Amino acid sequence: MSKRHLLALYSNFDEAEAVVRELRNTTINGFDVNDDMIVKSPIEHPEVEEFLGDKPVYVQWFTLFGALMGGLFGFFLISGAQANFYMQMKGGKPIVPFPPNFVLTYEMFILGGVFITILGFLVCAGLPAKRSPLYSAKVSIDNIAILVNAEEAAISVLKAIFTKHKALEIQEEAGK
Amino acid sequence: MIDSDSVKQLAGHPFDRRDFLKVLGWSGTAVALSGCGNTSIEDGRETVVSYVEASDYMVPGIGVYYNSTCAQCDAGCNINGRVREGRVLKLEGNPDSGINKGKLCGLGQAGVQHHYNPDRVREPLLRNGSKGEAITWDKAYALIAEKLAGVQGDEIAFLSGGMSGHLKVLLGNYLDSLGTRNHFVYEAIAPSVVRAANVKAYGVEMPRYRLDKAKVVLSFGADFLGAWVSPVHFSQQYAQFRKGVDGQRGVLIQVESKMTLTGANADRWLVVKPGTEGVLALGIINVLGTATGDVAELVKGYDPVRVSRETGVSVSHIEKVAALLRMRSPSLVLAGSAAEGYAHGSQNAAAINLLNQVLGNVGKTIEAPVSVPFPQMAPAKGNTAALKSLNDGLAAGKYKVVFNFAANPVFTAPGAMKFKDNFAKAGFKVAFAHYLDETALQADLVLPLDSALEDWGTQVPEYMTEGAQINIQQPLMERLHANTRGMGDIVLALLKQRKADEYKGFEDYYAYLRGAMLQNKGALGGGGVDDDTFWNETLTRGIVKLAGATGALTTHATAAGLVFPAHKEADEHYPLHLIPGVTASLRDGRHTNQPWLQESPDPLTTIVWDSWVEIHPKKATELGIVEGDIVEVTSRTGSVKAQVYLFPGIHPEAVSIPVGRGHDAMGRYAKGYGVNPFQIMDTVFEAATGELAMHETRVKISKTGQRVLVVKDEGAAGALQMGRKIASRVSTDQIDLSKEV
Amino acid sequence: MSVSNLLENWSQVRHEHPVNDKPHDPYKWAMAIDLDACTGCNACSVACYAENNLPVVGKEKFQHGQQMHWMRVERYWDEDGREFPDQGFQFLPMMCQQCEAAPCETVCPVAATNHTADGLNSQIYNRCIGSRYCSANCPFKVRYFNWYDYPTTENVWPAEMTQQLNPDVSVRGKGVMEKCTFCVQRLSAAKVTAKGEGRIVREGEVQTACQQACPTSAISFGNIVNPESRVHKQWAAQQVELDKDKQAKNEKEEGPGLRGYRILEELRAYPSVMYLERVRESAV
Amino acid sequence: MKDIREDIAWAKINQDVMKSLENPRKLYWVILFFALMAFGFGLGCEVYQYQTGMGVANLNNPQVWGLYIATFIFWIGMSHSGTLLSAILHLMHADWRKPIYRFAEAMTTFSLMTAGLFVMVHIGRLWQFYYALPYPNDRGIWPNFQSPLLWDAMAIFTYLSSSVLFLFVGMIPDLAIARDNMQAGWRQKLYTLLALGWEGTDRQWRNFRVTYLTIACFLIPLAVSVHSIVASDFAMSQQPGWHVTSFPPYFVAGALYSGCAAIITLFIILRYVFKFEEYMTLPILKKIVRLTFAIAMVWTYLNAVEFASVWYSHDQVSKDVLIQKMTGNYSPFWWGMIFCGSVVPLVFAIKRFQTNIPVLFATSLLLNLGMWLERWMIVAPTFSHGYYPWTWDHDQWPSIVQWGMVFGSFGWFTLLFLLFCKVFPSVSMYEVKEMVYHRTLHLKKSETAEQGAH
């Protein structure tokens, strides 16, 4: 079964929304609206997420993990190093003193949190990504693009829907 | 300490040791320096020498100690030099010494910098125009012989600093062989007037002072903790005196016009009008009321009110001091350089000594000194009268050949004496010198000397402490520079020119010294011991302690000859007294080129590396002067410019400039730092002794408009603690000292 | 850096060292300086230059405040506005106070200054990177920084002068902090000797250079743990306790009646140097 | 007074910003030249100091820190507004942040890098600086984690890396725009690489939103901690004038203050140099100015609190330091600080000056001068007037070497900043679009509402 990509550009969100609605409400063989459709937009657009339905984000779990690990690692690295280095006493202070170690643990907590969040972002957002087969530089200006990946059979149906909603431009991946 | 076998080996083969040490010295240095910074440990690897065959007295990495004698001043402290891998590192006090008991002052410790000084003369130099030309020793000796040929004995003058021991004997023999009696023994700063007064009062030049036995010490300008006679010894006595007996701490009262280090440590510092120390002493005798006979007669006129008016010391202070002296006996009264430095210095000193007699201190805190049973070795003490007579002779063009050793009169003679010009009139001038100082620069021939740490010698201290002793000076290390010679060796070589037969048995001065010592082995406490053992033990100890003879002191108080000059009115052109400050570390300036001393802050002002003019803040306000102002201090005979330091420890009608700085020669560490107040000293002489009256100079002060930042250790807060408890003090009534450890 | 080590020795590493503890065994070096005996002569300071390879910086650098005297003798006079200092000056030899809870130690970023087992405040030259935080935090300002590379600076140790350098003490290069060590090289040597003989260092066996030179023996130094030591006896007689920031004797209404005190004691640095107040006669 | 136009074409936004990467005004090159000169001079000073020793800076025994640490704090402080404001305003959905946050964050990054330089030039043995890093080694030697300097190092490292990541993440969509609009060349390669293949897909935006928000959340406490820790360098010590409880908030306020002032300065310069008049509009400037004024007053208050607490305490030693600051050698600088920090900002309270560019420019420079003086007045007087009067210094004036490095640091910062603005879009294109979009929506809504009312 070969699939092909199809890209439609729209000048505003309302149009794009209408297209997506229609695609969601229409059952098309060889095209799954949840898996095979990507909406590309020039700005971060909460509405896009709304009309695409509930798609979970997992970055925050990375954050939690990173921050906790950062903190734990920080504290034990520091305290462990101090404990092994007991020959160098500091007058009036225990070898493993809490206040300084808490400060450093705090910093390491944040450091771990930030680094792992970024990692999570890259993993979850799939970056760095290969460029998708169809792309228009207009998306980086002001157009909304809807990229679908469908069976040959569905292509024409999709094309019709795109055209119906006054797509500015439709790009088609060449058949294999 | 090292065992006697190694001493034997060391003493028997000094030259082997020296060669060996020379090699090791450098490798040790390389090790020390490579410990620093980012120097690679590979640096200097080619100079590393294996210790596989080290001699048995040499333990690599372990300091070996040799005893010798400090030559930095005349006190004659016994030192203990730490030697490692053949180089002397540090001088410490010899604990067996009766003088310094293991202690050593900063000046003494800086002796290593005299030895290692980079500006030492290294070759005999012959004048060629304005330059010195290196010549060989043979040529130098030949030249001296040539110049001496046909010169009459009285056309030869030998100027030296104070000297004693075998060198003095040998030099005496040489001068005899030349047929001259013109040996001028000159010390710029010496208690000569006090010595003369002491002879009159006690029958001896310098009795043995016992601060440790005194309950009260009343010192008239004697800086016994700083620069007077034997400071390390006195400091130890002072510590004992402060502890006192049964918790009764000794009380120190210092009377002077400019605070000295001793004054700074006094319980009561009494500032007097310059030159009125004797009057105050008489006033105290008056208040004591115990004097009889002619003394009572003399002091009758010195009632407290008059004395207070003349000296500026309040009546209540005079009475308090007298009461304390009466209450706490024995006491000790000292006459120091501030009292003797006037035209009537003898009178001052006599009045002060009289106070001692009246208080009955003689025999209690003033003891008869012991003397060494070899009078020919006794010290020839320097004074300034000698300089005057030499200078007169030079001015008259009397001398064809002049020798100079251990004195720097071009620097230390008052400018008005024109010593430099007069010196130039001498036909041929030979200087035995460590450095090219101002006098050596004027010489025709400069002969480089071994440092005190390379040379052999004996010394009899000028001030004997716990019994007679002869100090041994021995090399602590190999000669640094191949072409320097010991003074003894030079004198011996010169003597051989005159009396070859008599001295041919002595290969060098060491041989002479050893021979001379062994000759008197019995008298030196070596009876019944074989020569080598005696000699080695002597060198190991570094001191020969002797049962010296003790005379009796005069205890009779007399006012005979004590007449004070009429009160002098202030000079309206030169309204201020100039008090030359003598500091513990710089003395007369012969050690100014030792950088530790330059950088060691003056204890009172904390100034380093420079001279200053001390002015009382009140006077300064009157003159509109602030700290750091460059002022011109003008006397009748000259002027100098220096920075001002406001100092409350000085009489408002006096200013003080420290001596010792202001060299225009003597190497990188001395040249160009500070000013030389000797240059502007008036040539007033003490009436009875003919000594230079150093405190008689009158000056005026004018601002130059320049101002500098005074380089000192003291911070911007000055001498204040700003309410913090840093250096704390307590008065005796709040404290019980008897339970202290 | 194992965590197991940390957990196993938890109580030990949480121990506050050394103030509420008695870990100084068998040595705790301490000093007592009798200001009544001190005459301000500077012999101690020169001895320190000789022993510890201190550079003479010269006039210009001294003017910039870059002098290196580990032992400095301070001089104070009365603050009450009297015309003459008629009770003399006050001298105070000041060097590193070897604090028990040294403010300098905790702040060093690279742990170059630490508390040693025998109670010294050590300085590791090789480790020092020259942040100078220790000096910034020292209340006594007794730490000296190598502002220049003195071994190679002109006229500091020219030619022959290098031979005077003490091989037991490293010569410091530029960029490191230094300070009084209580002559640690002498202490180490004495400890090694004593250890070889199976004993501890005896009283009087080791002297610091300043103590050795002091003409009035104002400085006493020794192992304060040893009850036979003079320092121990002095501290005990003066009722100055090492681990107190307020001495009980000062609470008495009639005053302590004793001379011992420590400088800036209230800062809780617990200095190891006790000073004995200078005494002035009240009868004159 | 024009604000950003709602009807501006999004393509024009792209075009305008992309143009700034190519042809700035001539002034750009002039500033770049002077920055290079200053940096070169500073570099020369550092080489000299490295070779000769720290002494050439005329630092001395009590005065061990001097201008280096003061300027270090200054740069750390300056870094605060960028990231902190960006993060806070982001959380608060303040749209006006959008055209200016990019350069503010760049300012953060570069001033942190400049501050890092001062740590380097300050230490006596630069060649051993790695001793301060906690790296595992055979001998088990670690840095001293108790030292506030180490906390500093840790905090700054965290802050710098987080700020760089924050800046970078926020720039990814713009890098994609740049990639799409750039001619082939090194720039395009660079943008392609850095854009990580961003195409604005829904998945990317979704994760982007959460990530950006999360990091912003982290950055706020982080930024506060960084300057508190810098304050701890002083407050944790025992020295009079430093051991002050209110130092951490005081430092944070000072940091925000100097950061805001710097934003004003850079805002005005960028606006002119890169022809951003349409985006960096006066209403935005006015908002920053008002914010700065508020922070200035907070700072003034905290300053007063610090003095008051010293004054009413019985800590005579600290009091002495304060008196010394007011009356001693440093008094001209101390009063200069009070004037520049507390009096000059009153200009901002006057409405007609709030958009007067020359006045604002001059004022913002004065404010920064005041804040620099503040840091110097924190560091230096305590050294020259500490616990131990014996060591109070006479001669604490910094040498030309110290001044050279201070000026050099400005050169270095300007250099980095200008190069950044030339290579990366200094106005966030996608966010300006968002801003415009939100406004349009808002307008529409109000229109609808109006119509409904009719």
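So that the names make sense, note that chain A is the first sequence line, chain B the second, and so on, each numbered from 1. Please read these numbers as outputs of a predicted model, since none were measured by experiment.
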Note to self: side-chain contact (heavy atoms from CB on, under 4.5 Å), that's the test. Do K40(A) and L147(A) meet it? Break it down for me.
What the structure shows: CA-CA 8 Å; K40(A) 300 182 184 182; L147(A) 178 70; 4.1 Å; yes
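Neither the backbone nor the side chain of I13(D) comes within less than 4.5 Å of any heavy atom of chain A. Contacts of F168(D) with chain A are absent, with no heavy-atom separation under 4.5 Å from either backbone or side chain. Proximity to chain A involves both the backbone and the side chain of S162(D), based on heavy atoms less than 4.5 angstrom apart. Proximity to chain A (any heavy atom under 4.5 Å) is shown, for L193(D), by neither the backbone nor the side chain. Only the side chain of I215(D) comes within less than 4.5 Å of a heavy atom in chain A; its backbone stays farther off. For chain D, the nearby parts of P42(A) are the backbone and the side chain; heavy atoms of each come within less than 4.5 Å. Contacts between I156(D) and chain A at a heavy-atom distance below 4.5 Å are absent for every atom of the residue. Looking at A67(A), only its side chain comes within 4.5 Å of chain D, counting heavy atoms on both sides. Residue D174(D) does not touch chain A at all, counting heavy-atom pairs closer than 4.5 Å.
Between chain A and the residues F157(D), W10(D), F166(D), W205(D), the largest count of heavy-atom pairs under 4.5 Å involves W205(D). Ranked by heavy-atom pairs under 4.5 Å with chain A, the list A155(D), A11(D), A9(D) is led by A155(D). If you tally non-hydrogen atom pairs under 4.5 Å between each of L219(D), N144(D), L150(D) and chain A, the highest count goes to N144(D). Among P134(D), P221(D), S228(D), the residue making the largest number of heavy-atom pairs under 4.5 Å with chain A is P221(D). For the set M429(D), M154(D), M236(D), the count of heavy-atom pairs under 4.5 angstrom toward chain A peaks at M154(D). Counting heavy-atom pairs under 4.5 Å between each of H438(D), K433(D), R206(D) and chain A puts R206(D) at the top.
Aromatic pair Y212(D)/H90(D): centroids less than 6.0 angstrom apart. Aromatic ring centroids of Y159(D) and H227(D) lie 6.0 Å or more apart.
Side-chain atoms of T117(A) and T63(A) include a donor-acceptor pair closer than 3.5 Å.
Counting non-hydrogen atoms of other residues, nucleotides and ligands closer than 6.0 Å to OH of Y58(A) gives a total of 12 or fewer. For NZ of K55(A), the number of neighbouring non-hydrogen atoms (other residues, nucleotides, ligands) closer than 6.0 Å is greater than 12. More than 12 heavy atoms of other residues, nucleotides or ligands sit less than 6.0 Å from atom CZ of F13(A).
Both the sub-6.0 Å distance and the 45° axial angle are satisfied by R179(D) relative to the ring of Y135(A).
Between the Y135(D) side chain and the W142(D) main chain, no donor and acceptor come within less than 3.5 Å of each other. Using a distance-only test at 3.5 Å, with no hydrogens or angles considered, a donor-acceptor pair links the side chain of Q204(D) to the main chain of T201(D).
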